[in-house]
Peer 1: 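Below is one structure. I have some questions about it.
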Protein chains: 2
Amino acid sequence: MKIDPKSSADLSAQIAKSIRDAIISGEMIVDERLPSEAELADQFQVSRPTVREALKRLAAQNLIRTQRGASGGAFVRRLSYDEAFAQHITTSTLLLSMNAVDFETACEARFALERACARLSAKRRTPDHLATMRAEIHRQAQPGLSDERFCDSDVAFHRALVDGASNPVLSYQLAGAVEAMQPLMNMITFTQRNRDVIIGLHTRIADALEAQDGAAADTALAELTAYTLTLGEEAMAARAAAKAQSER
Amino acid sequence: MKIDPKSSADLSAQIAKSIRDAIISGEMIVDERLPSEAELADQFQVSRPTVREALKRLAAQNLIRTQRGASGGAFVRRLSYDEAFAQHITTSTLLLSMNAVDFETACEARFALERACARLSAKRRTPDHLATMRAEIHRQAQPGLSDERFCDSDVAFHRALVDGASNPVLSYQLAGAVEAMQPLMNMITFTQRNRDVIIGLHTRIADALEAQDGAAADTALAELTAYTLTLGEEAMAARAAAKAQSER
DNA sequence: CAATTTTCATTTGTCTGACATTTAATGTTT
DNA sequence: AAACATTAAATGTCAGACAAATGAAAATTG
């Protein structure tokens with residue numbers, strides 16, 4: 001592990017990269033202990049604060065964990081699905097909000113991916129998944145539910161659908177698309193009629209999965225896509241109108 | 001922005017979280033300047049090194065960039081697709097390697113997602129995308145191509161397929177699945193016959209997209225999925241046999 | 001007056017040295 | 001043998017300093 005003294009980049013960034021590469025390449029394995037801060041400082045010929053900054057960078061990426069005390073130090077960390085999920089969702093959400101991705105694009109991506117799971121989910125869904133979906137449908141039908149709670153339930157429903165495919169990699173990749181959409185979905189005002197239509201489609205999807213009919217689930221999802229798109233367009237139009245009004 | 005002095009967590013982690021939340025919530029907008037390190041230290045009642053560690057954590061997540069000099073400082077950074085891509089791929093790759101995801105699971109996820117793009121790509125692919133795919137097919141047919149280069153080309157081909165859908169969000173989510181598979185794909189030894197079959201399927205996919213026939217593309221992708229799975233199984237079996245041999 | 005150079009204040013990058021805190025291992029006592 | 005105290009090693013935090021970059025203001029020059 002070496003660093004380039006001529007590089008203009010921060011030393012801490014270079015050191016972090018050096019260690020990160022060692023971890024990613026498999027040169028360092030899970031739970032392996034890194035040298036102590038003092039040793040690293042010596043090795044890279046920098047001071048301890050600089051090493052510490054590098055280690056904090058790695059900690060921010062969940063690549064290492066640190067432990068205080070006698071036999072403490074920095075250890076290569078096993079990246080768990082949950083952490084990867086959280087990271088992925090944060091990044092996806094930021095990407096959408098900072099780059100002003102339009103509703104249509106995000107919606108299309110989300111449902112295209114979800115439909116990819118439908119077939120597998122129809123084959124493998126367990127009674128547990130079906131129960132979760134039914135429960136969320138029931139929740140969505142409750143009167144007086146706020147739009148935000150309705151969206152939460154919607155995400156939970158679709159999450160169950162995706163998890164039904166019983167493929168953690170698929171669930172992981174999908175989580176980003178589904179959850180990152182939520183801020184955009186939250187802009188929509190759901191009338192009772194809107195909700196009825198969505199609940200109807202959700203029921204059809206759940207029925208199709210229960211009957212292990214992948215094609216029917218796909219069709220219902222396609223309809224849900226189209227319907228969500230029209231809702232989104234209306235919401236965006238209303239938003240634009242309100243903005244024009246306030247600027248007048 | 002406040003921190004909890006009673007918390008057992010590192011101060012730098014708390015400070016980082018506090019600032020991160022402000023950025024994610026939209027409280028701080030892109031290109032906005034954070035207070036200087038000295039001011040932050042004052043504000044949070046900690047020393048400058050601690051603040052710096054917090055800032056390095058944020059820098060590692062591409063949430064801020066720093067600039068030296070008179071009117072320098074830390075600025076909220078616009079997360080670009082490219083950076084998000086890189087981050088996503090790194091995380092996905094680590095997730096697969098550290099959690100020993102089996103070939104079958106990763107392969108299934110990858111192709112399920114890819115098939116989700118096929119329909120859209122058939123509709124929207126440009127001559128550019130087609131040209132890229134044809135070029136990669138041509139490259140794959142070249143004699144003497146190493147297995148690794150063959151895989152590279154394979155990824156490039158599928159990337160073009162995905163990009164053909166012209167949905168950056170879709171491309172972003174897919175990139176993780178496709179690229180993270182590469183280390184697993186690299187374990188496979190591709191015989192000439194293997195390559196011929198794959199190239200044939202690639203050609204069928206390209207033809208289908210050119211004809212804007214989504215269904216045909218989907219069928220060819222399904223066949224490619226099945227074929228890749230058998231190749232993977234063989235490779236894993238060979239690997240297991242070699243291991244048993246060496247342990248005997 | 002305009003253009004160029006110099007100076008200067010600000011801010012991040014890095015270093016030194018110190019102390020606090022946590023924790024496991026070791027030693028001591030009962 | 002078990003409970004307790006000691007110690008050493010490691011990270012966490014701090015204070016203060018200097019280096020380096022950089023933009024803006026001031027001084028100089030043509």
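Every chain is numbered from 1 and lettered A, B, ... according to where its sequence line falls, protein lines coming before strand lines.
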Peer 1: Before giving the answer on side chain to side chain contact (heavy atoms under 4.5 Å, CB included), spell out for B:Tyr81 and B:Ser171 the whole-Å C-alpha distance, their side-chain angles and the decisive distance to 0.1 Å.
Peer 2: CA-CA 10 Å; B:Tyr81 273 100; B:Ser171 293; over 6 Å; no

Peer 1: Quick one: on DNA chain C, does B:Ala74 or A:Ser47 contact a more 5' nucleotide (nearest heavy atom)?
Peer 2: B:Ala74

Peer 1: In terms of side-chain geometry, is the basic nitrogen of B:Glu108 or A:Arg124 positioned less than 4.0 Å from the acidic oxygen of its partner?
Peer 2: yes

Peer 1: Taking the side chain as every heavy atom from C-beta outward, state whether A:Glu39 and A:Ser36 have any pair of such atoms under 4.5 Å apart.
Peer 2: yes

Peer 1: Would you please say whether a donor-acceptor pair under 3.5 Å links the side chains of B:Asn167 and A:Thr105?
Peer 2: no

Peer 1: Considering every strand and a 4.0 Å limit on heavy-atom distances, what is the contact class for A:Arg65: base, sugar-phosphate, or nothing?
Peer 2: nothing

Peer 1: I want to check one thing: is the phosphate of C:dC15, taken as OP1 and OP2, less than 4.0 Å away from some side-chain N or O of A:Thr50?
Peer 2: yes

Peer 1: What's the separation between atom CD1 in B:Ile19 and atom CZ in B:Arg57, rounded to the nearest 0.5 Å?
Peer 2: 11.5 Å

Peer 1: Which residues pass the side chain to side chain contact (heavy atoms under 4.5 Å, CB included) test with A:Ala160, not counting sequence neighbours?
Peer 2: A:Thr132, A:Met133

Peer 1: Please report, rounded to the nearest Å, how far the C1' atom of C:dT16 is from the CZ atom of B:Arg52.
Peer 2: 15 Å

Peer 1: Taking atom C1' of C:dA24 as reference, at what distance in whole Å does atom CZ of A:Phe75 sit?
Peer 2: 12 Å

Peer 1: When the distance from CG of A:Asp42 to C1' of C:dT16 is rounded to whole Å, what number comes out?
Peer 2: 15 Å

Peer 1: Using only modelled atom types and a 3.5 angstrom limit, is any donor from either the side chain of A:Arg48 or the base of C:dG17 paired with an acceptor on the other?
Peer 2: no

Peer 1: Checking the side chain of B:Arg33 only, and the main-chain atoms of B:Gly72 only, is there a donor and an acceptor separated by less than 3.5 Å?
Peer 2: yes

Peer 1: Between A:Asp42 (side chain only) and A:Ala38 (backbone N and O only), is there a donor and an acceptor less than 3.5 Å apart?
Peer 2: no

Peer 1: Distance under 4.0 Å to a non-hydrogen atom of chain B counts as contact; along DNA chain D, which nucleotides mark the start and end?
Peer 2: D:dG12 to D:dG23

Peer 1: Mind calculating the distance between CD (A:Gln45) and C1' (C:dT14) to the nearest angstrom?
Peer 2: 14 Å

Peer 1: Is a side-chain N or O of A:His158 found less than 3.5 angstrom from the main chain of A:Val155, in a donor-acceptor match?
Peer 2: no

Peer 1: Protein-nucleotides 20-23 of chain C N/O pairs closer than 3.5 Å?
Peer 2:
unit_1 : atom_1 : unit_2  : atom_2 : d
C:dT21 : O3'    : A:Arg68 : NH2    : 3.2
C:dT22 : O4'    : A:Arg68 : NE     : 3.4
C:dT22 : O4'    : A:Arg68 : NH2    : 3.4
C:dT22 : O2     : A:Gly69 : N      : 3.3
C:dT23 : O2     : A:Ala70 : N      : 2.9

